[in-house]
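Taking it in order: structure first as structure tokens, then the write-up.
Worth knowing before you read on, the calculation uses all heavy atoms, side chains too, and leaves out hydrogens, waters and symmetry mates. Starting from 1, each residue takes its place in the sequence as its number. Atoms within a ligand are numbered from 1 in the order they appear, just like the ligands themselves.
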Amino acid sequence: MARWYVCGLALAAAELLLIFATVFSAKGLRGKEFQGASRIPSQFSEEERVAMKEALKGAIRIPTVSFSHEKSNTTALAEFGEYIHKVFPTVFSTNFIQHEVVEQYSHLFTVQGSDPSLQPYMLLAHFDVVPAPEEGWEVPPFSGLERDGFIHGRGTLDNKNSVMAILQALELLLIRNYIPQRSFFIALGHDEEVSGTRGALKISELLQARGIQVAFLVDECSFIFDGFIPNLKKPCAMVSVTEKGALDLLLQVNMTPGHSSAPPKETSIGILAAAVSRLENTPMPNMFGSGPLKMTLEQLANEFPFPTNIVLKNLWLFRPLVSRLMERNYITNTLVRTTTALTMFNAGVKVNVIPPVAQASVNFRIHPAQTVHEVLELVKNIVADDRVQLHVLRAFDPLPISPSDDKALGYQLLRQTIQSIFPEVDIVAPGICIANTDSRHYTNITAGIYHFNPVYLQPQDFSSIHGINEKISVQAYETQVKFIFELIQNADTYTGPVPHVHEL
Ligand SMILES: CCCCCCCC/C=C\CCCCCCCC(=O)N[C@@H](CC(C)C)C(=O)O
Ligand SMILES: [Zn+2]
Ligand SMILES: [Zn+2]
């Protein structure tokens with residue numbers, strides 16, 4: 001009798017556990033992983049909300065333009081340093097935060113957590129911007145004007161929004177007497193738009209000299225994508241786990257100059273034009289199937305209607321079809337191959353002179369499954385003309401793929417913070433950063449490099465980045481501050497992923 005009773009109790013307990021496991025499975029339990037320590041709610045007063053948007057507007061008004069490696073607006077870069085001192089006084093006066101200026105304009109903050117057993121992490125952003133000539137803008141690009149609920153201007157998405165949101169979230173936490181448990185670094189670069197070799201690289205060297213290794217870092221270059229994939233009605237938060245490499249090539253042809261009245265059969269211009277045309281017409285191989293894209297599509301499969309869901313769930317069978325479909329769209333094409341962009345072409349000085357030299361620049365963004373060396377070999381085979389000299393101007397391999405499994409602290413913290421701040425977003429998937437960022441300078445201090453901006457991005461917003469009419473809604477910026485406010489707290493209280501039902 002007693003045995004039956006114990007057995008019955010055990011069964012009831014098991015049933016209860018199962019119910020709990022189902023209800024609180026990874027999707028059902030939003031934010032529960034972070035319980036334990038007392039949390040500060042991410043609610044801001046009206047006064048704070050006004051102050052935070054005004055702070056961003058002020059940042060946009062400082063024209064911190066990087067024109068080229070040699071030329072930047074150093075007055076504005078210095079002014080930006082003074083500006084953040086002014087708008088985030090608590091960050092600069094807190095005794096457990098150390099602030100250092102690196103290479104005159106970049107900023108490194110070391111926030112000393114109370115628990116030295118927790119490995120630190122790092123938040124990255126940059127405050128230099130690309131130039132913005134006024135033509136075509138609805139409002140002047142450095143006015144920081146608010147119109148129809150949007151703050152307009154260069155840097156509102158790339159990337160002063162992140163610089164300001166990180167410092168703003170920290171300022172608000174400190175005002176509420178928050179003491180972080182896990183140490184973290186904030187690295188704000190001043191020359192990302194022209195390579196980051198003065199800012200990010202030097203900060204990274206400084207940290208390496210101090211023997212610092214971080215668990216993960218979070219940088220720009222990915223968003224909550226909305227409307228990018230045909231038929232995918234839902235937004236998709238893409239946390240990029242790798243970044244493409246790059247190869248800048250100068251192609252040069254030298255021929256004998258002369259009078260245009262008696263032209264040779266071939267000129268430097270004609271030879272070079274044919275070579276670059278071959279490059280443009282011979283895309284690099286489709287690498288679909290290698291790299292994180294397969295994981296991304298498998299996660300997206302359920303969100304598509306029939307029959308796309310079946311196709312995506314059976315990539316072993318439909319790989320050729322899916323890879324062909326992806327290369328048809330210019331954005332999804334970037335995810336399946338090394339891209340080739342002809343960006344500069346120079347030759348000639350006068351209409352009746354055969355020029356001796358013709359030069360062209362080509363910019364390749366290297367797929368994570370290829371290397372600089374492999375791309376260079378392919379280029380040589382495509383150009384296949386010894387008269388065309390190839391000079392490597394700049395080259396770096398793609399970044400290694402950062403983990404996105406259940407044990408990957410950075411990825412899981414981002415995933416779970418996305419789920420709590422954006423409950424309407426069902427899809428969080430690993431992705432590829434198709435451009436280059438300051439992150440690549442930090443590969444020696446972490447194996448966990450993640451790209452994510454907690455902001456919705458639609459195709460028209462994408463073209464505003466480095467284009468015209470860049471803007472962010474006031475509400476999106478507030479949400480970004482809220483996200484970082486939560487992320488910092490989550491990093492302190494994270495206790496690991498919620499077990500899936502089958503693990504019980
Ligand atoms: C499910 C949807 C798939 C979406 C595909 C991806 C769409 C890409 C969207 C946004 C990418 C934004 C990139 C913003 C970061 C730009 C950083 C940058 O411009 N860096 C320079 C660095 C260079 C070293 C000067 C660059 O040229 O890459
Ligand atoms: Zn950027
Ligand atoms: Zn940029």
Exactly one of F483, F422, Y411, F225 should register a ring pair (Phe, Tyr, Trp, His ring centres under 6.0 Å) with F452. Which one does? F483
Taking the inter-plane angle between the rings of F150 and H152 on a 0 to 90° scale, is it parallel (under 30°), tilted (30 to 60°) or perpendicular (over 60°)?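 F150 and H152: perpendicular rings.
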Can you list every pair where an N/O of ligand 1 is under 3.5 Å from an N/O on the protein?
from: ligand 1; atom 1: 19 (O); to: H466; atom 2: NE2; distance (Å): 3.3
from: ligand 1; atom 1: 20 (N); to: E192; atom 2: OE2; distance (Å): 3.3
from: ligand 1; atom 1: 20 (N); to: N436; atom 2: O; distance (Å): 2.6
from: ligand 1; atom 1: 27 (O); to: R365; atom 2: NH2; distance (Å): 2.9
from: ligand 1; atom 1: 28 (O); to: R365; atom 2: NH1; distance (Å): 2.7
from: ligand 1; atom 1: 28 (O); to: N436; atom 2: N; distance (Å): 2.8

Return the CZ to CG distance between F185 and L217, rounded to the nearest 0.5 Å. 11.5 Å
Exercise: do N159 and E192 side chains pair donor with acceptor under 3.5 Å: no
Is there a donor in the side chain of S162 and an acceptor in the side chain of E220, or the other way round, less than 3.5 Å apart? no
Looking at side-chain heavy atoms only, is the closest gap between E327 and F288 below 4.5 Å? no
Around the Zn ion (ligand 3), list the protein N/O/S atoms within a radius below 2.8 Å, excluding water molecules. D158 OD2, E193 OE1, E193 OE2, H466 NE2
Applying side-chain hydrogen bond (donor to acceptor under 3.5 Å, both in side chains), can you list everything that pairs with R365, at least two apart in sequence or on another chain? N363, N436
For residues 289-301, pull every pair meeting side chain to side chain donor-acceptor pair (under 3.5 Å), keeping only residues two or more places apart or in separate chains.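 Those involving residues 289-301 do not exist here.
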Backbone of I465 reached by a side-chain donor or acceptor of D158 within 3.5 Å: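 No; judged by distance alone, with no hydrogens or angles, the pair does not exist.
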